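Read through the structure below, which is laid out as structure tokens, and then see the notes.
All values derive from a computational prediction rather than experimental measurement. Chain letters run A, B, ... following the sequence lines, proteins first and then strands; every chain starts at 1. Excluded from the calculations below are hydrogen atoms, water molecules and symmetry mates; all remaining heavy atoms, backbone and side chain alike, are included.
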Protein chains: 4
Amino acid sequence: MGKKKGPKYNQIIDAAVTVIAKHGYHQAQVAKIAREAGVADGTIYLYFKNKEDILTSLFEEKMGRFVETIRTKIESCQTVDEKFLLLMTTHFEQLEADKQLAIVTQLELRQSNTDLRLKINDILKGYLTLMDELITEGKESGYFDPELDNRLARQMIFGTLDEVVTNWVMKDCKYDLSALAKPLHQMLLGGFCKR
Amino acid sequence: MGKKKGPKYNQIIDAAVTVIAKHGYHQAQVAKIAREAGVADGTIYLYFKNKEDILTSLFEEKMGRFVETIRTKIESCQTVDEKFLLLMTTHFEQLEADKQLAIVTQLELRQSNTDLRLKINDILKGYLTLMDELITEGKESGYFDPELDNRLARQMIFGTLDEVVTNWVMKDCKYDLSALAKPLHQMLLGGFCKR
Amino acid sequence: MGKKKGPKYNQIIDAAVTVIAKHGYHQAQVAKIAREAGVADGTIYLYFKNKEDILTSLFEEKMGRFVETIRTKIESCQTVDEKFLLLMTTHFEQLEADKQLAIVTQLELRQSNTDLRLKINDILKGYLTLMDELITEGKESGYFDPELDNRLARQMIFGTLDEVVTNWVMKDCKYDLSALAKPLHQMLLGGFCKR
Amino acid sequence: MGKKKGPKYNQIIDAAVTVIAKHGYHQAQVAKIAREAGVADGTIYLYFKNKEDILTSLFEEKMGRFVETIRTKIESCQTVDEKFLLLMTTHFEQLEADKQLAIVTQLELRQSNTDLRLKINDILKGYLTLMDELITEGKESGYFDPELDNRLARQMIFGTLDEVVTNWVMKDCKYDLSALAKPLHQMLLGGFCKR
DNA sequence: TATGAATGAGTATTCATTCAT
DNA sequence: GATGAATGAATACTCATTCAT
């Protein structure tokens, strides 16, 4: 069980995204996912331990490279300032590139029970670590306020990005999301106040 | 039906909060709520139309005055700066005052798929309007950057507050939440950068 | 209990007829009957043992005089032939006089469980006896075939009358029912065949 | 869903007949039918849309050929007189052949309030048409009174047959039903009166 | 590997009846 | 007598998971 191999593994995950995006979390039965994937119900259980495992694997597969992509990209930047802008831009671009997936991760999977949400948080932990490193770097380089509370700053960045993406998804993804990175970057780093 | 009167009405709502906080949204059966409230299953239906009506009434009863309380409190403030600080402090204090309720509204009720989410959004709409007014006031008074995008600023504030509270709840409410208002206020208004 | 006295007793029975005719047997809850009667739910149980007792009492009260009326009327007739015609005419006239009641007895009460239907049959027993007497009289007077099987003849008469009335009710009582007595009388006594 | 194939489909229908005949319509729970059929509750829903679908399918499967059988049989008869006798005999014989089924169709299924009654009426409609044709044929051949009212004659035949069968069922099917066809035939065609 | 038929635990809601006032 | 708030038993249907083929 759990043979994370073969084309069917990915077929099933993609089918889950499609079904959840189309019918919603509570109407995404295993049988429906199996039909969408073109396999028998029982086949699902050759690749996944149970239904929850489909959802967490979905999150892992689809979001696993999410953070890595960001980390790689910002390496090329010189300043913390630039790094932050690129982090946000890349965050938005990646979600903008797969709107169906955005619906699933921003809206539908949040209806799942608390256990699944804890696993999602685990996956996000790498993202929070990255932000933490950036904040520390900013503080050490003298660019950020040295009194900054890392945890709060991190929650502020993540909470903001998440809320902005969720609003975009709820407005049917019909405006340019990555264009918002720049003004947000300015607001996060410079605050609301005039200088 | 729907008598919305008598001590039993409140007994049942309080029982629902207790049961959901203790067992989670998906394990909060009507029978369990009835037992906790000390009434028969059928009695629930003398006071509520159906199970969902319990949850929406819970939200209305418990959170209905949330925004109004904040709006009233900040009226006494002179400056936008003070208003923002008081908004955040009051936001945190109200949730801190009933930790069980915080668990229910921040984590459990978000798993619902129904009209309840619409009702939650209704309440939030009033909150977003209030934030909007504050932001505009800040811009007009020359305190905020006149180029500030209201929608983004609003999402930044709300996303930050929500994320901070959710983290506090997931850490079992074991630190002082309202004490975070001040540093957050500084970060939101002044940004991460040193001045 | 079961004090078959007072105006409320009749109020409740009339309310039951109205409610059943309007909403159907399966939607005729005790609470609905009580409201229609203008009494409290509990009051019903001062006059009736239980819900089934309302229905059997309804049948007794409303249909009890049914047979007696027929019996009295046909006493004035000279011949069996006349008696039969008058029996059928009176049967139809009585049901035609209260169409709501006809709906209840012909359609709705038949959906009741087998126990109630047995009680209804008890009440009808007097009617069958009357028919039996008439058939015997017809045979003894030499008017009917002496070989006639009383039981079958009785079932034929009752089955025919019942089916004719039921069809009339299902066609919304919109044609003249008692006018059918005469041709039916001729068919029952003379048969389908030409003479 | 609704595979209408395989031995289980018939097992379930037969179990429904058995359970309803034994415990009555209102005590025929799905779980009881499943146990009698030797399958799990959920299996029922692989073969039937819902509980009502079991009952309508039961009626279709068991009574669907009822009228057709009669129609085929009487084709071989020469005279209307013979046709009528055979119609009645076949009607009785078919019900006599499965007494449990007779209980279900004559008594229990009549307590239903649903589409089932419409379905029953549909089947009966074909029967009434057949009777109509016979009556017309009798009139045209000069055998029946040309003044005969088809509708009334039809209701008289059907009402009589139905009443006779119902009485037989209520007397626990303990006498010879089809033997009654002959005397009834004589009474219907020749009337009660001596000739 | 793959199938898909079969499983059976789990739950919101109705409504006849009671009984304290 | 009269009330009506409270009771609680009873039931169809879904769907994640299994296992014989």
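A distance-only check finds a donor-acceptor pair linking the side chain of B:Lys32 to the backbone of B:Gln27 [under 3.5 Å].
Taking 4.0 angstrom as the limit, B:Lys8 places a side-chain polar atom (N or O) nearer than this to OP1 or OP2 of F:dA6.
As rounded to whole Å, 12 Å separates atom C1' of F:dT11 from atom CD1 of D:Ile33. D:Leu46 places its CG atom 13 Å from the P atom of F:dC15, with the value rounded to the nearest Å. Distance A:Lys32 NZ to E:dG4 C1': 18 Å, rounded to the nearest Å. The separation between B:Ile44 atom CD1 and F:dT7 atom P is 10 Å, rounded to whole Å. Whole-Å rounding puts the B:Ile12 CD1 to F:dA5 C1' distance at 12 Å. Taking atom CD1 of residue A:Ile54 and atom C1' of nucleotide F:dA16, one finds them 10 Å apart after rounding to whole Å. Straight-line distance from the CG atom of D:Asp53 to the C1' atom of F:dC13: 14 Å, rounded to whole Å. Between A:Gln11 atom CD and E:dA2 atom C1' the separation is 13 Å, expressed in whole Å.
Of all heavy-atom pairs between C:Val17 and C:Val104, the closest is O-CG2, 3.6 Å. Contact between B:Met63 and B:Ile123 at its shortest, heavy atoms only, is O-CD1, 4.1 Å. Residues D:Asn50 and D:Tyr45 come closest through the heavy atom pair CA-CE2, 3.9 Å.
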Next item on the list: Could you encode protein contacts along nucleotides 14-21 of chain E as a string, one character per nucleotide from 5' to 3', using B for base contact, S for sugar-phosphate-only contact and - for no contact, with a heavy-atom cut-off of under 4.0 Å?
Entry: BSSBB---
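Using a cutoff of 4.0 Å between basic side-chain nitrogens and carboxylate oxygens, A:Arg110 and A:Asp162 are scored as salt-bridged. Using a 4.0 Å cut-off between a side-chain N of Lys or Arg and a carboxylate O of Asp or Glu, D:Asp14 and D:Lys62 qualify as a salt bridge. No salt bridge links D:Asp122 with D:Lys119; every basic N to acidic carboxylate O contact stays at or beyond 4.0 Å.
Stem analysis of DNA chain E (at least three stacked-register Watson-Crick or G-U pairs, each with both distances under 3.5 Å) gives E:2-21 with F:2-21.
Under the 30°/60° scheme for interplanar angles, the aromatic rings of D:Tyr9 and D:Phe48 are found to lie parallel.
Contact check for D:Arg117 versus D:Ser112: side-chain heavy atoms found under the 4.5 Å cut-off.
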